[in-house]
Amino acid sequence: MAPAPGRTWAGNLAYSAEELVEPTSTGQLAEVMAGAGRVRLLGSRHSFNRIADTTGTLVGLRRLPAEVELDGERRVVRAGAGLTYGDVGARIQEQGWALHAMASLPHITVGGAVATGSHGSGDGAASLADGVSAVEIVTTEGAHVRLERGDADFGGAVVSLGMLGAVTVLELDVEPTYEVAQTVYEGLTWDRVVEDLDAVTGLGTSVSVFTDWRDPDRTTQVWVKERVDDPGSRRADPADLGLRPADGPRHMIRGGSPEHCTRQGGVPGPWLDRLPHFRMGFTPSAGDELQSEWLLPRRAVGPALDRLRRMSGELAGLAMSAEMRTVSRGRQWLDPAQEDSVAFHFTWRPAQPAVEAFLPRIEEGLDPLGARPHWGKLFDERALAGRVDDLYPRRGAFSELAARLDPRGALRNDFVERVGL
Ligand SMILES: Cc1cc2nc3c(=O)[nH]c(=O)nc-3n(C[C@H](O)[C@H](O)[C@H](O)COP(=O)(O)OP(=O)(O)OC[C@H]3O[C@@H](n4cnc5c(N)ncnc54)[C@H](O)[C@@H]3O)c2cc1C
C-alpha cells in the first residue's frame with residue numbers, strides 16, 4: 001500500500017493528496033506523471049504553505065537512484081533532484097569541489113529548494129537556483145525534457161514552483177573546494193545597519209544579522225562567515241561597527257542549544273560545515289516553528305527597518321528569532337531576488353492563526369517597498385495575486401512555458417491559483 005501523504009516538516013499542514021507514490025525508476029515516474037489526474041512533486045516537506053499540495057497524487061523521488069556525478073572539466077555536478085544539499089555537498093567535497101552557497105539548513109532537497117527560490121546569504125551570492133546550469137524534467141505527458149542555461153526557456157526552468165513537471169536531475173555549478181571561518185559577534189545597532197549596510201554585509205562572504213525584536217534598537221547577533229582563501233573580501237572592521245566577538249558558541253534563538261549549529265569561534269572548516277547555520281548531523285524530523293521571509297530591493301533597507309522597528313512589540317510576541325541577510329540578483333524569472341536584495345526572515349512560534357492574522361500587517365508596511373515573499377514560507381497569498389505581474393515582469397513567459405509543458409494543468413493547485421499564477 002502506498003504511504004499516506006502525511007504533513008509538512010513543521011507539522012502545520014496535512015497534505016490533501018489521496019496518495020504518495022515513490023517511483024523507483026524514471027520510466028515508472030513517467031507513467032505516474034502521465035496517469036495522474038492531479039499531481040504534484042514533494043521534496044523534504046520543508047515548505048510552510050500549500051505550495052507542494054495537491055488533491056491527487058503526491059510524488060516523492062527519494063527512491064530514484066541517488067545519482068551524483070561530478071565533471072571537473074565542465075565544472076558541474078549532475079545530482080538527483082530528490083537528494084539533499086547536504087548529501088550532494090558531502091559527495092563533491094570528498095572529491096575536492098564546492099558549491100557557491102548553501103541555505104541555513106542542509107536537509108532540504110535540491111529539487112525542492114531551487115523550485116521555491118531558496119537562498120543562502122551574501123552580497124556576492126545569488127539564490128541556489130542561480131547555480132543550476134541544466135534541469136531534466138519528466139512532464140505530465142510522460143515526456144523527458146532537458147533545459148540548459150542559454151536556452152530561451154531556461155529562465156523559467158529552475159524556480160518553477162513545481163509547475164513544469166518532475167525535475168529528476170539538476171546540474172549544479174561547482175568550484176574548487178574552499179574553507180570558511182564562522183564568527184558570531186554581538187553589539188550591532190539597527191541604526192548602524194541603516195547608516196552603513198555595505199560595511200555590515202561586507203563583513204564576510206555570508207553575513208546574517210539576528211534579532212528577537214525584544215529590543216527595537218539593537219540586534220542580538222551577527223553571524224559572519226568568511227572564505228579563508230579570500231580575506232581581502234572583508235570591507236569593514238567589526239570593531240569599527242561596534243561589534244565584539246561572542247564569548248562562546250551561540251544558537252540564534254534565545255535558549256536554543258548551540259550544539260545543533262555549525263562550528264563558530266573563527267575555526268576554519270569546509271564550506272559545507274560552515275555556510276549552513278545548522279549541522280548536517282543534526283536532523284530534526286519535525287519542527288516546532290513557522291517561517292516567513294520577504295526580499296526587498298537593497299535600497300529599501302532604511303524604510304523597511306523603520307517599519308519593522310515600529311512593530312517590534314508585536315514581532316517580539318510572535319517571533320522566536322528573525323534574520324536579515326542579503327541575496328544578489330538572480331537570473332530566474334520567478335526568483336524573489338529580482339534585484340540585489342535584502343531579505344527579512346522570521347521564525348515564528350507555532351501559532352498559525354495568530355501569525356496568519358499578522359501577515360497582512362507586515363505586508364502593509366513592506367509591500368509598498370517592493371517586497372517579494374519567499375515562495376515556500378507563510379505570506380498573504382491572495383494579496384500577492386494583485387502584485388505578481390508588477391513584481392515579476394517575465395511572469396507571462398513563465399505561464400506560457402508552464403502551459404506548454406503541462407497542457408492539462410495537472411500540476412496546478414490551489415496555492416498557484418491563490419497567488420495569481
Ligand atoms: C528549518 C528550515 C530552514 C530553512 N532555511 C532556508 C534558508 O536558509 N533559505 C531559504 O531560502 N529557505 C529556507 N527554508 C525554506 C526551504 O528552503 C524551502 O521551503 C524549500 O522549498 C524546501 O525544500 P523541500 O525539499 O522541503 O521542498 P518541498 O517543501 O517538499 O516542496 C517545495 C516545492 O518544490 C516542488 N518540488 C519539490 N521537488 C521537486 C521536483 N523534484 N521537481 C519539481 N518540483 C519539485 C514542490 O512541488 C513544491 O512546489 C527553510 C525551511 C526550513 C524548514
Side-chain angles (χ1 to χ4, degrees), residues 5-13 15 17 20 23 29 33 39-54 58-62 64 79-86 101-121 125 127-129 135-140 157-170 206 208 252-253 260 275-278 282-284 286-295 321 323 325 327 330 334-337 341 343 345 347 373-378 405-406 411-413 415-416 419 421:
R7 306 180 79 85
T8 54
W9 170 85
N12 63 320
L13 298 172
Y15 298 108
L20 170 65
L29 172 65
M33 294 297 286
V39 63
R40 201 73 188 160
L41 273 295
L42 186 62
S44 52
R45 305 167 181 261
H46 282 85
S47 294
F48 293 87
N49 57 35
R50 293 203 173 270
I51 191 168
D53 206 8
T54 178
L58 265 179
V59 179
L61 301 186
R62 68 193 175 113
L64 288 187
L83 297 175
T84 67
Y85 265 96
M102 292 282 272
S104 67
L105 191 75
H107 311 108
I108 48 180
T109 68
V110 178
V114 300
T116 62
S118 296
H119 57 87
S121 169
S127 69
L128 300 173
V135 291
E136 293 176 7
I137 301 175
V138 173
T139 71
T140 50
V158 188
V159 184
S160 68
L161 315 190
M163 289 175 71
L164 305 184
V167 175
T168 51
V169 168
L170 301 103
S206 160
S208 293
M252 67 287 284
I253 297 178
H260 303 148
L275 289 182
H277 297 331
F278 298 105
F282 160 69
T283 315
D288 221 2
E289 62 182 62
L290 299 169
Q291 295 186 8
S292 299
E293 188 168 31
W294 292 271
L295 281 78
S321 101
E323 176 179 8
R325 45 191 168 169
V327 189
L334 295 187
D335 190 328
S341 298
H345 162 91
T347 299
H374 189 305
W375 292 113
K377 302 187 181 180
L378 296 180
L405 293 188
D406 177 30
L411 290 156
R412 298 192 62 77
N413 64 8
F415 173 89
V416 303
V419 299
L421 283 175

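When a ligand or atom number is given, it counts from 1 through the structure's own listing order. Computed over heavy atoms, backbone and side chain alike; hydrogens, waters and symmetry mates excluded.
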>> Checking a contact table here: which protein heavy atom is nearest atom 10 (C) of ligand 1, and how many Å away?
In response: His374 NE2, 3.3 Å
>> Under a 3.5 Å distance rule, please check whether Arg412 uses its side chain to pair with a backbone N or O of Asp406 as donor and acceptor.
In response: no
> Would you say Leu61 has any N or O atom under 3.5 Å from an N or O of ligand 1, going by distance alone?
Replying inline: no
>> With a heavy-atom distance limit of 4.0 Å, tell me whether Thr168 approaches ligand 1 through its side chain, its backbone, both, or neither.
In response: neither
> Considering only heavy atoms of Ala103, which atoms of ligand 1 have at least one such atom less than 4.0 Å away?
Replying inline: 7 (C), 8 (O), 9 (N)
> Is the backbone of Ile51 close enough, under 3.5 Å, to the side chain of Arg40 for a donor and an acceptor to pair up by distance?
Replying inline: yes
>> Go through it in stages, so that I can follow the logic: the residues are Thr139 and Met33, the test is side-chain contact (heavy atoms from CB on, under 4.5 Å), and I'd like the CA-CA distance, side-chain angles, deciding distance and then a yes or no.
In response: CA-CA 7 Å; Thr139 71; Met33 294 297 286; over 6 Å; no
>> Pair Phe48, Leu13 - check side-chain contact (heavy atoms from CB on, under 4.5 Å), show working.
In response: CA-CA 8 Å; Phe48 293 87; Leu13 298 172; over 6 Å; no
> Considering only heavy atoms, which of Arg325, Met102, His46 lies nearest to atom 51 (C) of ligand 1?
Replying inline: His46
> Between His374 and Gln291, is any side-chain donor less than 3.5 angstrom from a side-chain acceptor?
Replying inline: no
>> Looking at non-hydrogen atoms alone, which of Ser44, Ala52, Gly80 comes nearest to atom 48 (C) of ligand 1?
In response: Ala52
>> Using a 4.0 Å cutoff against the non-hydrogen atoms of Gly162, which atoms of ligand 1 qualify?
In response: 44 (N)
> Has the side chain of Asn413 got a donor or acceptor atom that lies under 3.5 Å from a matching backbone atom of Asp53?
Replying inline: yes
>> Can a side-chain donor-acceptor contact be found between His345 and Thr347 if the only test is distance below 3.5 angstrom?
In response: yes
>> Working to the nearest 0.5 angstrom, can you tell me the gap between Thr168 OG1 and Leu61 CG?
In response: 7.5 Å
> Where's the contact between Thr116 and ligand 1, heavy-atom distance under 4.0 Å: side chain, backbone, both or neither?
Replying inline: side chain
> For Glu323 and Ser208, does a side-chain donor sit closer than 3.5 Å to a side-chain acceptor?
Replying inline: yes
> With respect to atom 25 (O) of ligand 1, which of Thr109, Val169, Thr347 exhibits the smallest heavy-atom separation?
Replying inline: Thr109
> Between Ala115 and ligand 1, which residue portion shows a heavy-atom distance shorter than 4.0 Å: side chain, backbone, both, or neither?
Replying inline: side chain
>> Tell me the protein heavy atom at minimum distance from atom 43 (C) of ligand 1, and give that distance in Å.
In response: Gly165 O, 3.3 Å
> Where does His345 meet ligand 1, judged by heavy-atom distances below 4.0 Å: at the side chain, the backbone, both, or neither?
Replying inline: neither
> Side chain or backbone of Ala113 under 4.0 Å from ligand 1, or both, or neither, by non-hydrogen atoms?
Replying inline: backbone
> Counting heavy atoms only, which part of Trp9 comes closer than 4.0 Å to ligand 1: side chain, backbone, both or neither?
Replying inline: side chain
> Which part of Phe48 is near ligand 1, with near meaning a heavy atom under 4.0 Å away: side chain, backbone, both or neither?
Replying inline: side chain
>> Taking Leu378's backbone N and O only, do any of them form a donor-acceptor pair with Ser292's side chain (distance below 3.5 Å, no angle check)?
In response: yes
> So which protein heavy atom does atom 5 (N) of ligand 1 come closest to, and at what separation?
Replying inline: Ser104 OG, 2.9 Å
> Which of the numbered atoms in ligand 1 are below 4.0 angstrom from a heavy atom of Ala81?
Replying inline: 41 (N)
>> Would the distance check show the side chain of Ser118 and the main-chain N or O of Ala113 forming a donor-acceptor pair, the cut-off being under 3.5 Å?
In response: yes
>> Need the ligand 1 atom indices (1-based, order shown) with element for anything under 4.0 Å from a heavy-atom of Lys377.
In response: 12 (N), 13 (C), 14 (N), 15 (C)
> Does the Ser47 side chain pair with the main chain of Asn49, one donor and one acceptor, at a distance under 3.5 Å?
Replying inline: no
>> Just to confirm my output: which protein heavy-atom neighbour is closest to atom 27 (O) of ligand 1, and how far is it?
In response: Gly112 CA, 3.5 Å
>> For Ser44, is there any backbone N or O sitting under 3.5 Å from a side-chain donor or acceptor partner on His46?
In response: yes
> Where is the nearest protein heavy atom to atom 30 (O) of ligand 1: which residue, which atom, and how far?
Replying inline: Gly43 N, 2.8 Å
> With atoms numbered from 1 as shown, which atoms in ligand 1 lie under 4.0 angstrom from a non-hydrogen atom of Leu42?
Replying inline: 30 (O)
